[in-house]
Amino acid sequence: ILARGGESAAAVRLASESVGLADTTDFLHLRWHTRMSRAAVLQMAGNGPDARLVAQEAMRLAGQKGAIVGGDAAGRLLTTLEGGETGGPG
C-alpha cells in the first residue's frame, strides 16, 4: 500500500524489516512470502536489480521447502523483473 501510494522509502524499509523478522524463524513459507513482498516493493520503487536478487532468494527458499507453487510464483516474478516491467505483480 505504501509503495503504491508513492511512499517508496517507507515501503522498502518495512519490507526489509519483515524479511529480517522472518529470518529469525525456521518457517520457510514465511521467509518466502516476505521476500516475494519485498521484491514487489523494490520493483515498484524502481530498484529492479535488488528486486531480482530477492526474487531469486524466494525461489531458492521455495525449492528448499519443496514448494512447487511458491517456486513457480517466484519464477514468474523473476521473469517479469528480467523483462524490465514495472508497477508490481498482478
Side-chain angles (χ1 to χ4, degrees):
I1 294 172
L2 288 171
R4 288 188 178 139
E7 296 183 51
S8 297
V12 169
R13 181 181 51 79
L14 288 174
S16 296
E17 288 177 15
S18 71
V19 168
L21 288 171
D23 283 352
T24 66
T25 75
D26 60 356
F27 188 24
L28 292 177
H29 180 76
L30 178 63
R31 294 170 63 195
W32 167 84
H33 195 279
T34 57
R35 280 169 174 77
M36 291 292 287
S37 297
R38 183 175 181 220
V41 166
L42 287 166
Q43 177 189 20
M44 285 185 267
N47 190 343
D50 282 349
R52 284 189 292 279
L53 290 173
V54 174
Q56 289 169 347
E57 291 174 11
M59 186 180 290
R60 179 188 56 78
L61 286 168
Q64 187 177 346
K65 182 169 175 50
I68 295 168
V69 173
D72 287 348
R76 284 191 306 275
L77 178 57
L78 195 53
T79 297
T80 298
L81 292 167
E82 289 172 347
E85 295 179 28
T86 59

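Minimum interatomic distance between Leu30 and Ala22 (heavy atoms only, all atoms of both residues): CG-CB, 3.8 Å. Listed here is the closest heavy atom pair of Ala39 and Ala51: O-CB, 3.4 Å. Residues Ala58 and Met36 come closest through the heavy atom pair CB-SD, 3.8 Å. Across Gly71 and Ala62, no two heavy atoms sit closer than the pair N-CB, 3.3 Å. Counting all heavy atoms, side chain and backbone alike, Ala74 lies closest to Ala55 at CB-O, 4.0 Å.
Note: Glu57 CD to Leu53 CG = 7.0 Å, rounded to the nearest 0.5 Å. Put simply, CZ on Arg52 and OG1 on Thr79 are 11.5 Å apart, with the number rounded to the nearest 0.5 Å. Atom-to-atom distance recorded for Thr34:OG1 and Leu14:CG is 13.0 Å, nearest 0.5 angstrom.
Within the structure, the side-chain hydrogen bond (donor to acceptor under 3.5 Å, both in side chains) test picks out the following pairs touching residues 61-73 (sequence neighbours left out): Arg60-Gln64. For the side-chain hydrogen bond (donor to acceptor under 3.5 Å, both in side chains) condition, the pairs that include at least one residue of residues 10-25, sequence neighbours left out, are Arg13-Glu17, Ser16-Arg38, Asp23-Arg31, Asp23-Arg35. Pairs of residues two or more places apart, or lying in two chains, that qualify as ring pair (Phe, Tyr, Trp, His ring centres under 6.0 Å) and include a residue from residues 32-82 are His29-Trp32.
With hydrophobic clusters built from ILVMFWY side chains whose heavy atoms lie under 4.5 angstrom apart, Val54 shares a cluster with Val41.
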